[in-house]
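Pasting a structure below so you can have a look.
When reading the values below, keep in mind they use all heavy atoms of this one structure, side chains included, and skip hydrogens, waters and symmetry mates. Just so it is clear, the structure is predicted and the values come from calculations on it, not from any experiment.
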Amino acid sequence: MRQMGLEGLAPGPRTSCRHSQHKVYPYLLRGVIAEAPNHIWAVDITYVPMPIGFMYLVAIIDWYSRHVMSWR
């Protein structure tokens, strides 16, 4: 492609560069160890395509036991 002068339509290599005016939030769990159940929970929201339409899957996970506490 380079020899023929062709380029892909996908974004270039600068897609992960942050904007200088965006605020950077600190990672509050750095150095924290999950020492007991219910100490640290994580939430994940996932878009799931379906044969007709789509749905969102929300899961709450306990970091210590790695169990899914709840999902909807």
Practice task
Please answer: with hydrophobic residues joined when any side-chain heavy atoms are less than 4.5 Å apart, are Phe54 and Ile45 in the same cluster?
Solution key: yes
Problem - Single-linkage hydrophobic cluster, 4.5 Å side-chain cutoff, Ile60 and Tyr56 together - result: yes
Exercise for the section: Starting at CD1 of Ile61, measure out to NE2 of His67 and round the result to the nearest 0.5 Å. Expected result: 11.5 Å
Problem - Residue Leu6 excluded, over 12 heavy atoms near CG under 6.0 Å - result: yes
Handout entry: Cluster overlap Met1 with Met4, hydrophobic side-chain contacts below 4.5 Å
Key = yes
Exercise for the section: Consider only side-chain heavy atoms of I, L, V, M, F, W and Y, link residues closer than 4.5 Å, and tell whether Val43 and Tyr47 are in one cluster. Expected result: yes
Handout entry: Transitive ILVMFWY cluster of Tyr64, excluding itself - 4.5 Å side-chain cut-off
Key = none
Handout entry: Nearest heavy atoms of Asp62 and Pro37, plus distance in Å
Key = OD2-CA, 3.6 Å
Exercise for the section: Can you measure from OG (Ser65) to CG (Asn38) and round to the nearest 0.5 angstrom? Expected result: 8.0 Å
Problem - 4.5 Å side-chain heavy-atom contact, Trp63 and Trp41 - result: no
Handout entry: Residue list, side-chain hydrogen bond (donor to acceptor under 3.5 Å, both in side chains) with His19, at least two apart or on another chain
Key = none
Handout entry: Joint cluster assignment, Val68 & Leu57, ILVMFWY side-chain distance < 4.5 Å
Key = yes
Fill in the blank from the handout: Between His39 and Glu35 the two heavy atoms that sit nearest each other are ND1-N, 3.5 Å
Handout entry: Distance-minimising heavy-atom pair for Thr46 and Asp44
Key = OG1-OD2, 3.0 Å
